[in-house]
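These notes are about the structure you will find just below.
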Protein chains: 2
Amino acid sequence: MVEFRSQCPIASTLDIVGDKWSLLILRSMVVGATSYSDFLASAEKISTNILAERLRRLEDAGLIARATARQGSIRGAYALTPRGAALIPALQGARPMGRGQHSGQMGGA
Amino acid sequence: MVEFRSQCPIASTLDIVGDKWSLLILRSMVVGATSYSDFLASAEKISTNILAERLRRLEDAGLIARATARQGSIRGAYALTPRGAALIPALQGARPMGRGQHSGQMGGA
DNA sequence: CTTTGTGCTTGCATTTTGCAAGTTAGAATC
DNA sequence: GATTCTAACTTGCAAAATGCAAGCACAAAG
């Protein structure tokens with residue numbers, strides 16, 4: 001479980017996604033990634049232990065969900081929850097360090 | 001200098017502000033903080049070495065600027081640059097983990 | 001029942017963070 | 001102009017997070 005540093009909703013959100021990887025995982029989902037190997041294939045080369053831990057954390061926080069086909073058939077198959085989807089507009093706005101005119105696509109999965 | 005992991009503008013932005021503190025510093029500026037001690041006074045208790053390093057990084061990245069009153073009279077006196085201000089809308093959207101109906105104020109400095 | 005591929009876990013070196021204490025430089029007081 | 005005060009950092013070191021490489025589990029294919 002994640003500890004919240006304060007009552008501030010922004011700080012609380014950053015307690016979940018305030019690291020170099022979590023928001024990139026959400027970004028990858030926006031552009032179509034749904035499986036563990038999809039996330040691994042992104043341009044930024046996340047390591048497997050970090051990916052597994054972040055997926056667990058994002059799931060615990062209710063931002064993503066596993067499509068738990070009962071009796072453990074499909075593994076992986078992650079999807080954004082409504083709460084996770086609520087972060088996407090913020091993500092779209094989070095690119096002032098990009099080169100170009102801030103009007104391109106979100107980039108590869 | 002910060003290394004960029006990929007060409008993705010979101011990843012590049014996270015290479016600058018993708019940690020637990022940078023965006024909280026920007027949030028504090030939105031609600032009025034301008035000095036080192038203002039930042040230290042926020043509810044989340046950032047430590048001094050991290051604060052000093054983040055201020056330097058944010059300044060290097062062009063997201064904030066020191067109001068360098070010539071001949072070093074006022075120290076501190078940080079302000080958002082246009083590029084830094086461009087992140088504020090994203091910040092506003094980054095609070096799905098907050099309690100309540102997602103319609104409150106940004107919280108204390 | 002062996003092989004293959006996906007989805008993780010583990011071990012360990014490196015890096016980042018947090019905490020406490022110390023230093024520096026203007027500002028105020030004498 | 002020396003002394004004291006205080007805001008603004010810097011430094012040292014322990015603790016936690018990260019990155020890398022290797023290994024394991026388990027289902028599906030042959």
Side-chain angles (χ1 to χ4, degrees), chain A residues 1-6 11 13-26 28-29 32-61 64-79 109, chain B residues 1-6 11-12 14-26 28-29 32-61 64-79 109:
Chain A
M1 191 55 187
V2 175
E3 280 287 297
F4 290 114
R5 289 169 290 179
S6 73
T13 299
L14 290 174
D15 284 331
I16 306 297
V17 300
D19 67 86
K20 278 198 183 316
W21 295 110
S22 299
L23 289 173
L24 285 187
I25 291 173
L26 298 184
S28 292
M29 296 183 85
T34 60
S35 70
Y36 194 88
S37 44
D38 287 344
F39 298 125
L40 282 183
S42 76
E44 295 85 11
K45 300 294 164 208
I46 188 171
S47 54
T48 58
N49 54 346
I50 303 292
L51 174 57
E53 206 246 312
R54 287 303 121 85
L55 289 172
R56 229 177 292 125
R57 182 195 295 192
L58 292 172
E59 191 185 8
D60 288 350
I64 67 175
R66 282 170 217 256
T68 54
R70 48 261 173 240
Q71 259 61 340
S73 53
I74 319 162
R75 294 194 272 179
Y78 295 92
Chain B
M1 191 55 189
V2 175
E3 281 287 297
F4 291 114
R5 287 170 290 179
S6 74
S12 297
L14 291 173
D15 284 331
I16 306 296
V17 300
D19 66 87
K20 275 196 182 319
W21 294 110
S22 298
L23 289 173
L24 285 187
I25 291 173
L26 297 184
S28 291
M29 297 184 84
T34 60
S35 70
Y36 193 89
S37 42
D38 287 344
F39 298 126
L40 282 184
S42 77
E44 295 85 11
K45 300 294 165 210
I46 188 172
S47 54
T48 58
N49 55 344
I50 302 293
L51 175 58
E53 207 246 313
R54 288 302 120 86
L55 288 172
R56 229 178 291 124
R57 182 195 294 191
L58 291 172
E59 192 184 7
D60 288 350
I64 67 175
R66 282 169 218 258
T68 55
R70 46 263 173 240
Q71 259 61 343
S73 53
I74 320 162
R75 295 195 272 178
Y78 295 92

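Chain A is the first sequence line, chain B the second, and so forth, proteins listed ahead of strands; every chain is numbered from 1.
Following rounding to the nearest Å, Ile25(A) (CD1) and dC8(C) (P) show an atom-to-atom distance of 12 Å. Here dT17(C) presents its C1' atom at 16 Å from CD of Glu3(A), a figure rounded to the nearest Å. To the nearest angstrom, P of dA7(D) lies 15 Å from OH of Tyr78(B). Spacing between atom CZ of Phe39(B) and atom P of dA7(D) amounts to 15 Å, rounded to whole angstrom units. Here the C1' atom of nucleotide dA17(D) and the CG atom of Asp19(A) are 10 Å apart, to the nearest Å. With rounding to whole Å, Lys20(B) atom NZ is found 13 Å from dT18(D) atom C1'. Rounded to a whole Å, the NZ atom of Lys45(A) is 14 Å from the P atom of dG19(D). In this structure, Ile46(A) atom CD1 and dG19(D) atom P are separated by 8 Å, rounded to whole Å.
One distance of note links OH of Tyr36(B) with OG1 of Thr48(B); it measures 4.5 Å at 0.5 Å rounding.
Mapping Arg5(A) and Ser37(A) onto DNA chain C via the closest heavy atom, the residue that lands nearer the 5' end is Ser37(A).
Of all the heavy atoms in Leu55(A) and Ile25(A), the pair that sits closest is CD2-CG2, 4.1 Å. Scanning all heavy atoms of the two residues, the minimum distance from Ala11(A) to Glu44(B) falls at CB-OE2, 3.5 Å.
With hydrogens and angles left out, the side-chain atoms of Asp38(A) and Ser35(A) include a donor and acceptor closer than 3.5 Å.
Note on Tyr36(B): every side-chain N or O is 4.0 Å or more away from OP1 and OP2 of dT6(D). Taking 4.0 angstrom as the limit, Trp21(B) places a side-chain polar atom (N or O) nearer than this to OP1 or OP2 of dG18(C).
For Asp60(B), there are no side-chain hydrogen bond (donor to acceptor under 3.5 Å, both in side chains) partners at least two apart in sequence or on another chain.
Residues Asp19(A) and Lys20(B) are not in side-chain contact: their nearest non-hydrogen atoms beyond the backbone lie 4.5 Å or more apart. Annotation: side chain of Ile16(B) is not in contact with side chain of Ser22(B) (no heavy-atom distance under 4.5 Å).
Within residues 48-58 of chain A, the residues approaching DNA chain C are Thr48(A), Asn49(A), Ala52(A), Arg56(A), by heavy-atom distance under 4.0 Å.
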